[in-house]
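Structure first, commentary second.
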There are 4 protein chains.
Amino acid sequence: MLNRVVLLGRLTKDPELRYTQNGTAVATFTLAVDRRVTNQQGERETDFIPIVVWSKQAELCAQYLGKGRQAAVEGRIQVRNYENNEGRRVYVTEVVAENVQFLGGGEGSGDFEQRTPVFSGDGKPSRNFQNDNPFADDQRPIDISDDDLPF
Amino acid sequence: MLNRVVLLGRLTKDPELRYTQNGTAVATFTLAVDRRVTNQQGERETDFIPIVVWSKQAELCAQYLGKGRQAAVEGRIQVRNYENNEGRRVYVTEVVAENVQFLGGGEGSGDFEQRTPVFSGDGKPSRNFQNDNPFADDQRPIDISDDDLPF
Amino acid sequence: MLNRVVLLGRLTKDPELRYTQNGTAVATFTLAVDRRVTNQQGERETDFIPIVVWSKQAELCAQYLGKGRQAAVEGRIQVRNYENNEGRRVYVTEVVAENVQFLGGGEGSGDFEQRTPVFSGDGKPSRNFQNDNPFADDQRPIDISDDDLPF
Amino acid sequence: MLNRVVLLGRLTKDPELRYTQNGTAVATFTLAVDRRVTNQQGERETDFIPIVVWSKQAELCAQYLGKGRQAAVEGRIQVRNYENNEGRRVYVTEVVAENVQFLGGGEGSGDFEQRTPVFSGDGKPSRNFQNDNPFADDQRPIDISDDDLPF
DNA sequence: TTTT
DNA sequence: TTTT
């Protein structure tokens with residue numbers, strides 16, 4: 001019906017870029033969003049919120065965003081679930097971004113020089129794949145439907 | 001920094017009302033939010049989003065909301081984690097509501113007659129408690145800090 | 001960049017439906033949104049917010065919404081200006097809706113029976129037209145560009 | 001009921017800071033927010049949205065924000081009206097900010113050195129005052145209720 | 001009356 | 001584990 005999210009925070013790492021079987025780009029990153037109020041111990045806590053971006057925006061994020069950069073994300077909350085390799089149902093909540101604004105900051109910060117996109121695939125098997133693909137690592141399209149999220 | 005969510009959906013069950021050790025009310029429920037677009041199979045999918053409400057609003061939700069009722073929720077995304085009883089770190093994402101609007105609908109729908117609040121505690125131990133309390137079931141305050149979420 | 005609005009309120013009147021020169025539907029209505037806090041006199045004030053909807057959604061609003069009905073509106077704030085017939089620049093702020101949800105309530109309330117759309121054109125000339133059209137009244141398309149708002 | 005706005009844009013000028021009769025600070029500025037899509041002439045249009053901030057946040061805005069700076073604003077839409085000095089009712093729409101985030105950019109940009117707050121009062125009488133105060137110019141509190149907006 |  |  002109505003499902004709207006707006007976040008402002010910093011990337012905890014460079015985005016990861018992948019491609020679905022039929023060539024759709026999808027980028028993922030985590031946004032660290034500080035809470036506005038401190039807790040009872042007087043500490044400022046942070047929510048680490050997983051973000052998913054599709055298509056052209058995914059590629060732009062991979063090119064222009066990096067660890068430590070500030071970004072504003074507008075999108076919707078998505079809750080999906082899958083069966084893990086122990087046969088247990090796992091629930092994943094993430095924000096599907098429809099609009100990402102690149103703000104300043106971050107390391108190496110010659111504001112928005114282009115980065116070399118980081119393709120994910122790092123030896124550690126991605127166990128929450130709906131369809132595990134051993135070739136995911138070498139930048140070949142992964143064998144899942146466009147509906148699924150490849151991470 | 002900035003973390004804003006607005007949702008419109010229906011409760012999948014009656015809210016559960018609890019009290020922290022020092023008497024703060026907390027209600028929880030799941031909001032079923034239909035997606036605006038259908039998937040590739042032409043089906044309309046639904047996101048089931050866990051909601052947490054505190055204090056006075058919690059008690060109002062327990063009184064006036066029920067299974068099937070429509071509600072608008074405004075709040076923020078919170079990601080917390082705890083170690084479960086198998087020693088594994090579990091991540092929980094939920095929306096902490098700051099404003100809940102009661103809309104029509106639902107069963108027995110003599111619009112907003114008061115309901116008998118449903119206290120949770122149903123025999124099945126609540127395993128994601130930070131601090132398990134055997135008395136949670138009989139409506140006595142539960143023994144955890146106000147910071148923690150009792151579910 | 002980022003311009004997001006979510007409102008929940010009631011229509012002060014039936015929506016007005018018009019068509020631009022090239023046949024695009026546009027509906028307008030005012031949403032009465034109560035403030036959450038009362039003022040210093042203990043009264044609850046209300047903001048009356050002008051809403052604009054385009055295309056298919058405009059026609060659905062004209063059919064299914066009416067005076068007193070509750071609606072949730074998601075969109076963006078738009079500030080436009082035009083020169084009035086006294087040669088003075090007038091500023092208009094309105095919410096351009098991208099998503100309107102029909103909620104219950106309202107008069108005659110046999111929930112969402114279809115209404116006869118109300119075409120605007122009531123004898124009183126609409127002086128904030130960019131391009132005044134004497135035929136606007138008899139439901140013929142109005143002679144303005146799609147960019148402009150016909151009211 | 002529910003009235004939520006999130007904006008990201010740049011200040012068109014330094015904020016103006018004033019004080020109500022009983023000492024409450026209020027800052028005002030205009031946020032230039034680019035539209036995401038270009039119009040039929042291929043130009044990117046901009047909405048100029050008036051912002052009001054109260055109390056402590058007002059003083060922080062006056063100190064840390066300036067012309068050209070980027071800011072994220074979270075708040076609610078307010079529509080008020082008053083009778084102008086020609087006896088005509090004038091409607092004013094503005095965003096009452098509850099949370100302002102200072103982002104980079106702007107002139108002189110030694111990021112967030114403190115600025116000398118700009119008090120409004122520039123010789124031109126502020127004609128949309130509900131209660132005109134000839135002393136508003138010399139930084140003395142203005143003689144209106146806290147409920148009213150002094151600009 | 002507008003910002004980059 | 002889900003609502004209409």
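Below, chains carry the letters A, B, ... as their sequence lines are ordered, and counting in each starts from 1. Just so you know, these numbers come straight off a predicted model, no measurement behind them.
With E/dT3, F/dT4, F/dT1 as the choices, the nucleotide that has an atom nearest any side-chain atom of A/Arg89 turns out to be F/dT1. For B/Thr46, the listed nucleotide lying nearest its side chain is F/dT3; candidates were F/dT3, E/dT1, E/dT3. With F/dT3, E/dT2, F/dT1 as the choices, the nucleotide that has an atom nearest any side-chain atom of A/Tyr91 turns out to be F/dT1. Which of F/dT3, E/dT4, E/dT2 sits closest to the side chain of B/Arg10 comes down to F/dT3. Relative to the side chain of B/Phe48, the nucleotides E/dT1, E/dT2, F/dT3 differ in distance, and F/dT3 lies closest.
Note: CG (B/Leu8) to P (F/dT3) measures 17 Å, nearest angstrom. Straight-line distance from the CZ atom of D/Arg69 to the C1' atom of E/dT4: 13 Å, rounded to whole Å. Following rounding to the nearest Å, C/Asn81 (CG) and E/dT1 (P) show an atom-to-atom distance of 7 Å. The nearest whole Å value for the distance from the CD atom in A/Glu83 to the P atom in F/dT1 is 9 Å. Between C/Asn3 atom CG and E/dT3 atom C1' the separation is 15 Å, expressed in whole Å. Separating the CZ atom of B/Arg36 from the P atom of F/dT4 is a distance of 22 Å, rounded to the nearest angstrom. Rounded to an integer number of Å, the gap from A/Met1 CE to F/dT4 C1' is 7 Å. For B/Arg35 and F/dT4, the CZ to P distance is 19 Å, given to the nearest whole Å.
Electrostatic pairing of B/Lys67 and B/Glu16 does not count as a salt bridge here, judged by no charged N lying under 4.0 Å from a carboxylate O.
Every salt bridge (Lys or Arg N to Asp or Glu O under 4.0 Å) that D/Arg35 has, sequence neighbours left out, goes to D/Glu45, D/Asp47. Judged as a salt bridge (Lys or Arg N to Asp or Glu O under 4.0 Å), and not counting sequence neighbours, A/Arg76 has no contacts.
With a 4.5 Å cut-off on side-chain heavy atoms, C/Arg4 and A/Glu74 count as touching.
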